[in-house]
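Worksheet for the structure shown next.
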Amino acid sequence: MDYLPNADQTQIVDAFKAFLHSELPLSRLVDATKPQGDAASWQNLAELGWLSIAQDEVIDGAGLGAAEEMLLFIEAGKNLISPLLIASSLGARVLLDAGLADTARSLIDGTCRIAPAIARPGAGISDQRVNGEFYVLDAEHCDMLLVVTPSQSAVLPIDSASLTSQQCTDESLSLNSLHLADQAPLATSNGRVFEQALILCSAMLTGIAEQALSLAVSYANEREQFGKPIGAFQSIKHYCADMALRHEAALALTIQAALEFDSHHSEATFDALAAKLAAQKAAIENAEAAIQIHGAMGFTREMPIHLLLKRAHILSTLFADADALVSNLTILPAPEL
């Protein structure tokens, strides 16, 4: 199993990096003179094919695999792209599995948008009906809602009148609460959507962990104390070394999970669960360490560090939190060494 990207994958990632640098830089979230949302660039994302790169050719997708998509989502995580990106990828698959190719196509060409739901305790899908309390991320301008559980996934229409605005930990995202009672979905899937959801979340979280490390190292090389950069002090070196180890562990597990998913490996589910568990730990702890290294500056709105920490917490609850991940891991057989 080759963990290194090939030349074609590297070119794809470089092109996506260039797009994000131009259209959706991290600075957009701290620059008060620019709109904070990603809605203005969503159509450009679609038109350039970034929403369809791993979708089936039946709906005009590029037909690439989870490995390529995972690499792009790492870059998306670095720039804190809206979780709508995850929902668009997964929602199109659910719709296609249900035979709704035209509706799936509308998601990846930017015509329609879909928001991801965070299920609260007791919420879920049963007997082709969705019930319970949910939180919905970035639901404005969205036409559909995505609900993902370990056993089944569903796409539902969104009724904006039923959404109740809530204050979000991450101020760069909107948050609404939603109550569903015996709601019939537009489409359901019993496929491997949950595994894909874990891998894409892991990739974004891994990107956050990497961005936190990069910003911390850069600041440690610039900030001087006692006549030399603070990065020269052993305590700061230890912080950065631990951050690098956490990022590398998350990256390795996320890559392995994506490669196993593409090859239909028997341990794909286990490693997808493990990848998200490691990635959310890396993202949260690296962001916390980056704030510590930045000192008082790390708490200011002018720095993006606090947004990395907040987004890491949001993504850590999406589709499966730490308790759910551990619960699912414990019922699976351990991988063979």
Side-chain angles (χ1 to χ4, degrees), residues 1-5 66-78 80-81 83 85-86 89-90 116 118 148 150 192-217 238-263 265-292 305 308-337:
M1 190 177 288
D2 189 350
Y3 282 65
L4 298 176
E68 288 79 14
E69 191 172 35
M70 172 269 303
L71 292 171
L72 297 190
F73 273 71
I74 289 175
E75 299 304 320
K78 292 179 189 177
L80 299 184
I81 304 303
L85 189 64
I86 298 176
S89 176
L90 301 174
I118 300 173
V148 176
R192 305 165 71 203
V193 178
F194 181 63
E195 289 177 28
Q196 292 173 310
L198 295 176
I199 292 168
L200 297 184
C201 272
S202 300
M204 275 196 164
L205 287 161
T206 299
I208 291 172
E210 183 176 350
Q211 184 70 279
L213 171 61
S214 176
L215 292 173
V217 170
H238 287 171
Y239 270 124
C240 294
D242 289 342
M243 292 170 74
L245 285 173
R246 286 192 290 265
H247 165 254
E248 287 297 328
L251 178 62
L253 273 170
T254 301
I255 291 173
Q256 179 163 315
L259 293 174
E260 288 180 344
F261 182 89
D262 280 339
S263 63
H265 196 283
S266 61
E267 295 168 358
T269 301
F270 186 99
D271 284 327
L273 291 163
K276 186 168 190 281
L277 193 61
Q280 59 193 43
K281 175 181 170 65
I284 290 171
E285 294 187 4
N286 277 17
E288 289 174 342
I291 290 173
Q292 184 74 21
I305 306 296
L308 296 177
L309 179 59
K310 293 170 182 176
R311 185 64 60 88
H313 278 291
I314 294 293
L315 291 176
S316 294
T317 66
L318 189 57
F319 306 128
D321 62 13
D323 289 341
L325 292 169
V326 171
S327 295
N328 280 278
L329 278 168
T330 56
I331 63 176
L332 293 174
E336 295 181 6
L337 298 178

Answer yes or no: is there a side-chain heavy-atom contact under 4.5 Å between Ser202 and Met70?
no

Compare all side-chain heavy atoms of Gln280 with those of Leu315 and state whether any distance is below 4.5 angstrom.
no

Shortest non-hydrogen contact from Phe261 toward Glu195
CD1-OE1, 3.4 Å

Which atoms form the tightest heavy-atom contact between Phe194 and Phe319, and what is the distance?
CE1-O, 3.8 Å

Heavy atoms, side chains only, cut-off 4.5 Å: are Met204 and Leu85 in contact?
yes

Would you say the side-chain atoms of Lys276 pair up with the backbone N or O of Leu325, donor to acceptor, closer than 3.5 Å?
no

For Gln196 and Leu90, which heavy atoms make the closest approach, and how far apart are they?
CB-CD2, 3.7 Å

Crowded around Lys281 NZ? As in, over 12 foreign heavy atoms under 6.0 Å?
no

Where do Ile305 and Ala287 come nearest, in terms of heavy atoms and distance?
CG2-O, 3.8 Å

Given 3.5 Å as the limit, does a donor-acceptor pair link the side chain of Asp262 with the main chain of Ala67, or not?
yes

Minimum heavy-atom distance between Leu308 and Leu215, given as atom pair plus value
CD1-CD1, 4.0 Å

How many angstroms lie between atom CG of Asp271 and atom OG of Ser266, to the nearest 0.5 angstrom?
9.5 Å

CG on Asn328 to CG on Asp323, rounded to 0.5 Å
11.0 Å

A side-chain contact here means heavy atoms from C-beta on lying under 4.5 Å apart; do Pro116 and Ile86 qualify?
no

Can you tell me how far apart CD1 (Ile291) and CG (Leu309) are? Round to the nearest 0.5 Å.
4.5 Å

Test item: Asp321 and Ile118 side chains (from C-beta on) under 4.5 Å apart, heavy atoms
no

Indicate yes or no: at least one non-hydrogen side-chain atom of Ile208 is less than 4.5 angstrom from one of Asn286.
no

Would you say Phe270 has more than 12 foreign heavy atoms packed within less than 6.0 Å of its CZ?
yes

Check whether any side-chain heavy atom of Leu205 lies under 4.5 Å from a side-chain heavy atom of Ser316, and answer yes or no.
yes

For Arg311 and Leu80, which heavy atoms make the closest approach, and how far apart are they?
NH1-O, 3.1 Å

Spatial distance of atom CE (Met243) from atom OG (Ser214) [nearest 0.5 Å]
9.5 Å

Contacts of Thr317 that satisfy side chain to side chain donor-acceptor pair (under 3.5 Å) - sequence neighbours left out:
none

side-chain hydrogen bond (donor to acceptor under 3.5 Å, both in side chains) pairs, two or more places apart, involving residues 69-78:
Glu69-Ser89, Glu69-Arg93, Glu75-Lys78, Lys78-Glu210

To the nearest 0.5 Å, how far apart are OH in Tyr3 and CD1 in Ile255?
8.0 Å

About how many Å separate CG of Leu273 and CG of Leu253, when rounded to the nearest 0.5 Å?
11.0 Å

